[in-house]
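Both backbone and side-chain heavy atoms feed into the values below; hydrogens, waters and symmetry mates do not.
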Amino acid sequence: MDALDLARWQFGITTVYHFLFVPLTIGLGVFVAGLQTAWHRTGKEHYLRLTKFFGKLFLINFAMGVVTGIVQEFQFGMNWSEYSIFVGDVFGAPLALEALLAFFLESTFIGLWIFGWDKLPKRVHLATIWIAVIGSNLSAYFILAANAWMKHPVGYEVVDGRARMTDLWAVLTNSTALAQVPHVIAGSFVVAGGFVLAVCGYNIMRERRAHPGETTPHGTHEAHGTRGTTSRALLPGGTGPARRDGAGIWRTPMRAALLMTAIAGALVAGTGDLSAKLLHEQQPMKLAAAEGLERDTAGAPFSPVPGVEVPMLLSFLATNDPNAVIQGTEDLQARFEKQFGPGDYRPNLPVVFWSFRVMIVFGLSTVGLSVLGLWLTRGRRRDPRPPREVPDWFARICLPALPLPPLAMIAGWLLSEVGRQPWTVQGELLTAASVSPGVSLTEVAVSLAVFTALYGALALAEVVLLVRYVKAGPEPTPVVPVPSPPSPRDSRDDDARLQPTLMY
Amino acid sequence: MELTTFWFAVIAFLWTGYFVLEGFDFGVGMLVPVLSRSEAERKQVLGTIGPVWDGNEVWLITAVGAMFAAFPAWYAGLLSEFYLPVMLVLVGLIVRGVGLEWRGKVQHSSDRAWCDTGVLVGSALPAFLWGAVFADLLRNSATAALAGGVFSLSLCLLHGAVFVALKTTGPVRARARRAALIAAVVAVPSAVVVLSGIPASGGSAAGQSGAVWVWACALTSVAALAAGVALTWRGRDGWAFAATASSIVLASAALFGALWPAPFPGLTVAEAASGPYTLGVLTWIGLIALPFVLGYQAWSYWVFRKRLTAGAS
């Protein structure tokens with residue numbers, strides 16, 4: 001074990017951890033902005049309640065994305081100083097642009113959104129969340145452009161052992177980035193969609209358990225005339241017609257999340273296919289490792305699990321030509337040795353192979369779930385009957401499905417980043433040559449231990465906090481802040497129930 | 001002006017913005033237990049930085065990002081040389097950010113106490129460490145680092161106290177003024193020691209360190225700090241804040257003046273710089289974007305310009 005190994009572990013841990021929060025921030029931000037827009041346009045109170053409810057979950061998560069992101073920017077210099085010196089000219093540019101054009105926007109306007117509810121005109125306040133959301137997406141773009149350059153370096157030349165940028169536009173419109181950006185951003189919408197589905201499914205089940213009489217078996221509509229319009233609609237939390245199926249205010253966000261997940265899922269699949277085609281040209285080793293293909297093969301088969309093969313599918317997926325030659329890991333290794341000198345140019349093959357499968361299976365199951373949900377709750381056009389209910393079983397499986405999209409996302413990153421090894425910059429700089437020469441094993445070990453422990457504690461705290469807020473549900477009267485009673489018991493309010501508050 | 005000179009100035013400007021803006025954030029974070037006697041007052045104190053601290057922190061991220069892009073070797077050298085202090089700064093920024101964001105979302109007073117601890121520790125660590133790191137960079141001695149840390153910590157306390165006095169009413173405002181005067185007891189003498197040491201440091205490459213304008217910046221910085229204390233004494237909160245902010249600007253100017261042209265031992269800006277193409281395109285984008293950034297950040301301060309009263313957070 002040397003500093004290089006620990007620095008790699010540290011990079012992996014801090015980056016994967018950061019990336020648990022970022023996709024949710026990106027997708028949920030747009031979702032919250034959409035809810036607030038719906039409130040703005042319709043004036044319906046339940047949209048405001050939902051905005052504030054999901055807004056709070058969004059902010060709890062946003063905080064983690066922000067603080068873990070700072071580490072990313074610093075650790076290139078701390079652990080990977082040789083890398084930083086080699087690539088700074090090219091790689092630093094999108095990072096600096098991210099800070100200047102995206103982070104300032106995001107963080108300034110998120111502050112205005114959180115604290116500006118009663119200080120800004122309604123329309124301006126709505127604009128602040130949209131601007132913050134644009135900032136998050138822009139930042140994803142810049143960081144992915146920087147990342148794409150490591151996989152497919154363009155727009156540079158090497159002068160005196162350092163990469164020099166020759167074309168910023170080429171760096172920002174790198175084909176790998178253009179395939180990766182929509183893939184990851186759409187993936188973020190799937191992650192957020194899965195999160196909203198879980199929250200809605202959980203709450204639908206809870207409300208039905210609390211008011212069992214209101215739940216009817218799927219599809220029976222005889223009793224509809226009497227339900228919802230009678231006294232039950234006056235129950236606390238009841239908000240109009242959606243209440244008929246015992247789903248409370250959750251049906252609307254659930255449908256929205258289903259739609260978001262299904263559309264984004266299609267985009268993820270499409271851009272993933274595009275990425276595979278680029279791998280064939282730019283990173284054949286990664287493609288071969290993901291497929292477990294050892295030898296160059298014409299008409300290469302696709303193997304979903306070891307032992308099962310669909311003939312010629314891989315060649316077709318990678319090149320649109322079923323007979324094309326796909327390079328294998330062992331033959332590539334021989335060619336790389338000839339080109340770059342002795343060494344092992346294969347990534348960790350099992351990790352790459354299995355993360356690819358986890359990504360596809362978990363990602364597709366989430367999308368399948370959302371398409372199924374849309375079908376089950378589809379509207380009845382030109383039909384006076386109320387829309388179909390959310391079936392119990394569907395609401396129930398939404399919660400256990402929650403980890404699928406984030407796991408797919410992380411598997412995607414492992415595939416992408418582990419598959420790039422042993423290169424930090426494909427064909428230009430080896431990982432082993434990137435590490436900080438002056439940093440000791442002890443220093444890296446200390447920081448790895450500190451960050452791992454800190455991240456673990458924070459993850460626990462975040463989960464507790466999110467669960468508590470989901471259980472508390474939306475506040476009943478968000479428009480008027482409930483003044484907290486002037487309490488002499490300020491120090492012993494531990495047992496106090498969650499009190500309605502404004503966003504802060 | 002040469003592009004490398006220009007970019008060194010841009011980075012100095014970004015660090016200066018960070019020191020001025022997060023300087024009072026850090027001070028406020030550390031002063032919460034001193035200035036508040038109740039939950040309502042704690043909210044009042046933290047409310048002064050609530051809407052803006054995140055945007056202030058981006059000055060650091062932009063400064064470091066700009067160093068990465070414009071002077072990769074400086075960026076890499078500084079961060080790997082000061083590995084453990086930088087790690088502690090990051091730990092501080094993490095627990096502080098989470099504490100500030102979650103504080104309003106946790107319900108039990110014990111959880112709030114955790115958040116307050118995070119804010120306190122997370123404000124104190126960077127406030128001390130940035131001073132220590134830059135002092136060590138200039139003079140390369142543990143004593144200098146300690147003095148630099150004490151100076152930057154006390155300066156943040158003073159600057160933060162003055163900011164709270166400017167942004168609040170009632171008993172908190174009175175306590176903030178008192179806290180500012182107490183912080184001045186350490187801040188002013190350590191400013192004399194540390195700031196007079198900057199131009200005399202010899203610098204890492206002995207370039208500008210003895211220059212007249214560096215001396216002038218250092219001395220005016222001390223004077224501005226003293227003026228800030230006097231103005232606080234007289235109850236002129238706004239002018240006092242302007243004075244402490246100017247003191248930080250001048251101290252930072254002296255620091256970067258002394259660092260020019262070799263911001264890192266054995267490394268001149270010319271050696272550390274990226275190619276002219278990178279610097280050129282970044283200059284254009286920066287010149288176009290920066291006015292907007294400054295504009296909307298100023299606007300956000302304008303939106304939250306009112307003084308805060310306890311209980312109406």
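At most 12 heavy atoms of other shown residues, nucleotides or ligands fall within 6.0 angstrom of atom CZ in A:R123. Within 6.0 Å of OH on B:Y301 lie more than 12 heavy atoms contributed by other residues, nucleotides or ligands. When the shell of 6.0 Å around CH2 of A:W130 is examined, it contains more than 12 heavy atoms from other residues, nucleotides or ligands.
Contact of the B:T278 side chain with the A:R164 side chain is not registered, since no non-hydrogen atoms from C-beta on lie closer than 4.5 Å. Taking the side chain as every heavy atom from C-beta outward, B:L90 and A:M78 approach each other to under 4.5 Å. Taking 4.5 Å as the limit, every side-chain heavy atom of B:V281 sits out of range of all side-chain heavy atoms of A:W169. By the 4.5 Å heavy-atom criterion applied to side chains, B:E101 and A:V67 are not counted as neighbours. At a threshold of 4.5 Å between non-hydrogen side-chain atoms, the residues B:L60 and A:F74 count as touching. The shortest side-chain heavy-atom distance between A:V444 and B:Y83 falls under the 4.5 Å cut-off. Counting only heavy atoms from C-beta outward, the side chains of A:I70 and B:I94 never approach each other to under 4.5 Å.
When A:V90, A:V66, A:L458 are compared by the number of non-hydrogen pairs under 4.5 Å with chain B, A:L458 comes out ahead. Between chain B and the residues A:S447, A:G116, A:P437, the most heavy-atom pairs under 4.5 angstrom are made by A:S447. Heavy-atom pairs under 4.5 Å with chain A were tallied for B:G97, B:G275, B:A73, B:A63; the largest tally goes to B:G275. Taking B:G55, B:G65, B:A66, B:S80 one by one and counting their heavy-atom pairs under 4.5 Å with chain A, the maximum is reached by B:S80. Ranked by heavy-atom pairs under 4.5 Å with chain B, the list A:G438, A:S436, A:A461 is led by A:A461. When A:V464, A:L95, A:I110, A:L454 are compared by the number of non-hydrogen pairs under 4.5 Å with chain B, A:L454 comes out ahead. Top candidate by heavy-atom pairs under 4.5 Å with chain A, chosen from B:L84, B:L14, B:V95, B:D111, is B:L84. Each of B:V86, B:V52, B:L78 has some count of heavy-atom pairs under 4.5 Å with chain A, and the biggest count is that of B:V86. Listed options A:L112, A:V439, A:I85 were ranked by heavy-atom pairs under 4.5 angstrom with chain B; first place goes to A:L112.
Interface remark: A:Y455 contributes side-chain atoms only to the contact with chain B (heavy atom separation under 4.5 Å). With a 4.5 angstrom heavy-atom cutoff, A:V124 touches chain B only via side-chain atoms. Contacts of B:V303 with chain A are made by both backbone and side-chain atoms, with heavy-atom separations under 4.5 Å. If you measure heavy-atom distances from A:S440 to chain B, you find no contacts under 4.5 Å at all. Proximity to chain A (any heavy atom under 4.5 Å) is shown, for B:V89, by neither the backbone nor the side chain. Proximity to chain A (any heavy atom under 4.5 Å) is shown, for B:E81, by neither the backbone nor the side chain. For B:N56, no part lies near chain A; criterion is any non-hydrogen pair under 4.5 Å. For B:A273, the part sitting under 4.5 Å from any heavy atom of chain A is the backbone (N, CA, C, O) and nothing else. For B:A272, the part lying near chain A is the backbone, with the side chain staying farther off; criterion is any non-hydrogen pair under 4.5 Å.
Annotation: the span from B:L279 atom CG to A:M165 atom CE amounts to 9.0 Å, rounded to 0.5 Å. Atom NZ of residue A:K119 and atom NZ of residue B:K306 lie 7.5 Å apart, to the nearest 0.5 angstrom. Between the CG atom of A:L466 and the NZ atom of B:K105 there is a distance of 11.0 Å, given to the nearest 0.5 Å. Interatomic distance, OG of A:S81 versus CG of B:L79, reported as 9.5 Å (0.5 Å rounding). How far CH2 of B:W59 is from CZ of A:F104: 5.5 Å, rounded to the nearest 0.5 Å. A distance of 10.5 Å separates CG of A:L105 from CD of B:Q297, quoted to the nearest 0.5 Å.
Of the N and O atoms on the side chains of B:Y277 and A:D89, not one donor lies less than 3.5 Å from an acceptor on the other residue.
Minimum interatomic distance between B:G286 and A:L100 (heavy atoms only, all atoms of both residues): CA-CD2, 3.8 Å. Between B:I285 and A:L101, the closest heavy-atom pair is CG2-CD1, 4.2 Å. A:G111 approaches B:F304 most closely through the heavy-atom pair O-CZ, 3.9 Å. Considering all non-hydrogen atoms of both residues, B:V58 and A:A99 come closest at CG1-O, 3.9 Å. Taking every heavy atom of both residues into account, B:Y75 and A:S84 meet most closely at CE2-OG, 3.6 Å.
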Quick one, A:T108 with B:D54, criterion side-chain contact (heavy atoms from CB on, under 4.5 Å). Give me CA distance, side-chain angles, the key distance, then yes/no. CA-CA 7 Å; A:T108 308; B:D54 194 4; over 6 Å; no
Item to check | Step-by-step side-chain contact (heavy atoms from CB on, under 4.5 Å) determination, A:E98 to B:T62 | outcome: CA-CA 8 Å; A:E98 182 193 25; B:T62 311; over 6 Å; no
**Report entry** Pair B:H108-A:R468, side-chain contact (heavy atoms from CB on, under 4.5 Å): steps then yes or no
**Finding:** CA-CA 12 Å; B:H108 305 312; A:R468 214 184 274 165; 3.9 Å; yes
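In this pair, B:W299 and A:F109 present their aromatic rings tilted. The plane angle is within the 30 to 60° band. Using bins of under 30°, 30° to 60° and over 60° for the plane-to-plane angle, the ring pair A:F76/B:F68 lands in the tilted bin.
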